[in-house]
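Atom set for the values below is all heavy atoms of this structure, side chains included, hydrogens, waters and symmetry mates excluded.
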Amino acid sequence: IPTLALTDEAPRYNRPMKAFEISGEDITPKLNTAISNLKSQIPDSQLRTELLRRLLASPNLASKEWVYRQYDHMVRTNTVVLPGSDAAVLRVKETRRSLAMSLDCNGRYSQLNPREGAKLAVAESARNVVCSGARPVAVTNCLNFASPERPEMMWAFSETIDGMAEACRALSTPVTGGNVSFYNETEGRGIYPTPVIGMLGVIEDSKHVTTQWFKEAGDKIVLLGTTCNELGASELLSVLTGEAAGAVPQLNLDAEIAVQQVCLTAIQTCLVRSAHDCSEGGLAVALAESCFSSYRHNAIGAEIDLTEHAMASGLESDLALLFSESPSRILLSVKSENVEKLKELAAQAGVSCNVIGEVGGETLKIVCRGEEWLGDSVSRLQSVWQSALPRSLDRLMQAEAE
């Protein structure tokens, strides 16, 4: 098919559109009420640990092993990185190259702010392939919406396209294909706008393939990027209140590109042992996921001190530091002797770079300003994470049977 027939000369629908109000609600009162209710059931010393467990048990964040174990993900024996890391990696036979692929979307973000939600999905998908050692090169998509006959939904669709285009231009990742699915609703109730972004990346040398989990005790843990107080539309809010509300995290595309470039350069110069993006659930969830491994029978722990990062970010709130979903952040582990080289690389790009801890032990422990905020055995956290989805599905099946 001629390209023009699918692009500039394609038919255009001029359906009625009506903008809806972009959410800017202050979700602090809702969070405070939910936290107060939780404190009546749980000692203060266990509160943050309980929040982390609940997040790891959320279907959005829990291990998807129950799903991908039912499919053959080793077809034609080209899989280099198995499911469970930030991106899948496939080898290109008879070359040193590999392909990295990631699918990302957050329906809550797009429900509250369609344009920003699409930009955030593109950025996260690119960040995930970068964490695998790949340079993002192209995008495909699956745009899922309710009825376009509703003017508000048609406007959300138009905003999504504009947001996706803006992010793709900034990241130099052309949209090479995709599909649109409308009328996803039942009895007049539609799904959230769900623009799923599929990002393709190229790893030039197989020795640069990187996974998300910590590798060895003694490695230093470094956080690229800045944490802001961005708990609106967060998984924490959803888990505690069941609501999608508040302002979505704000994406600065220049900052995103800088963080991704520092990470990719560090990987290509062999400074990095592991890389994992911070997204849904925030830093605490990213740290826990880095302790888990699909490849290692025994998980590994970490000792974290957020004092330096809290000062650099100018944050006092423990909830924000642990669970904020600020974009443009990547968690790295590096050997001690490579920390200064990484800091120099980040400084040249104007990217915040803080050592926040060290790999080792059997627990995930997080302290800040001399106070222990969170502590639990990694094996217990991993058990919660791995068993959550099967348990949820079992409960649904039992409910249907009754």
Indicate yes or no for a side-chain donor-acceptor contact from [X] to the backbone of [Y] under 3.5 Å, with no hydrogens or angles considered.
X      : Y      : value
Ser324 : Leu231 : no
His208 : Gln268 : yes
Asn252 : Ala255 : yes
Thr49  : Leu374 : no
Ser383 : Arg380 : no
Asp205 : Lys207 : yes
Glu303 : Gly357 : no
Thr363 : Lys365 : no
Trp385 : Leu61  : yes
Thr140 : Gly177 : yes

Is Arg96 salt-bridged to Glu204, cutoff N-O under 4.0 Å?
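Between Glu204 and Arg96 there is no salt bridge, as every charged N stays at least 4.0 Å from the carboxylate O atoms.
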Salt bridge check: are Lys119 and Glu124 linked by an N-O gap of less than 4.0 Å?
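Looking at Glu124 together with Lys119, the answer is no, because their closest N to O distance does not fall below 4.0 Å.
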Is the closest side-chain heavy-atom distance between [X] and [Y] below 4.5 Å?
X      : Y      : answer
Val137 : Thr173 : no
Lys215 : Ser274 : yes
Val130 : Ile267 : no
Val359 : Glu216 : no

Without placing hydrogens or testing angles, list every side-chain donor-acceptor pair under 3.5 Å for residues 11-19, not counting sequence neighbours.
none

What about Trp155 and Phe20, are their ring centers closer than 6.0 Å?
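Yes, ring centres under 6.0 Å apart.
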Roughly how far apart are [X] [atom1] and [Y] [atom2], rounded to 0.5 Å?
X      : Y      : atom1 : atom2 : answer
Arg127 : Ser132 : CZ    : OG    : 13.5 Å
Asp86  : Thr210 : CG    : OG1   : 10.5 Å
Asp376 : Leu364 : CG    : CG    : 8.0 Å
Gln46  : Leu38  : CD    : CG    : 11.5 Å

Do Ser377 and Glu362 pass the side-chain hydrogen bond (donor to acceptor under 3.5 Å, both in side chains) test, and can you show the C-alpha distance, the side-chain angles, and the key distance before you say yes or no?
CA-CA 6 Å; Ser377 73; Glu362 298 178 354; over 6 Å; no
Is a side-chain donor-acceptor pair under 3.5 Å present for Glu230 with Ser234?
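No, because no side-chain N or O of Ser234 sits under 3.5 Å from a partner of the opposite role on Glu230.
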Under 3.5 Å, is there a donor-acceptor pair linking the side chains of Gln348 and Glu344?
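No, no side-chain donor-acceptor contact under 3.5 Å.
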For [X], does the [atom1] atom sit with more than 12 other heavy atoms under 6.0 Å from it, leaving out its own atoms?
X      : atom1 : answer
Arg391 : CZ    : no
Lys64  : NZ    : yes
Arg97  : CZ    : no
Glu21  : CD    : no

With salt bridge (Lys or Arg N to Asp or Glu O under 4.0 Å) as the criterion, how do Asp277 and Arg329 come out once you've worked through the C-alpha distance, each side chain's angles and the decisive distance to 0.1 Å?
CA-CA 6 Å; Asp277 85 307; Arg329 293 181 298 163; over 6 Å; no
Donor-acceptor pairs under 3.5 Å, side chain of residues 98-107 to any protein atom, not counting sequence neighbours: which ones?
from	atom 1	to	atom 2	distance (Å)
Ser102	OG	Asp104	OD2	2.7
Ser102	OG	Asn128	ND2	3.4
Asp104	OD1	Asn128	ND2	3.1
Asp104	OD2	Ser125	OG	3.4
Asp104	OD2	Asn128	ND2	2.8
Asn106	OD1	Arg108	N	3.0
Asn106	OD1	Tyr109	N	3.2
Asn106	ND2	Glu280	OE2	3.4

Test ring-ring contact (aromatic ring centres under 6.0 Å, His included) on Phe182 and Phe157 and set out the steps.
CA-CA 10 Å; Phe182 281 128; Phe157 177 67; 4.9 Å; yes
Using side-chain hydrogen bond (donor to acceptor under 3.5 Å, both in side chains), reason through Ser181 and Asn184 one step at a time and then give a plain yes or no.
CA-CA 7 Å; Ser181 176; Asn184 293 286; 3.1 Å; yes
Only counting residues at least two apart or in another chain, list the ones meeting side chain to side chain donor-acceptor pair (under 3.5 Å) with Ser172.
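By the side chain to side chain donor-acceptor pair (under 3.5 Å) rule, Ser172 matches no residue at all.
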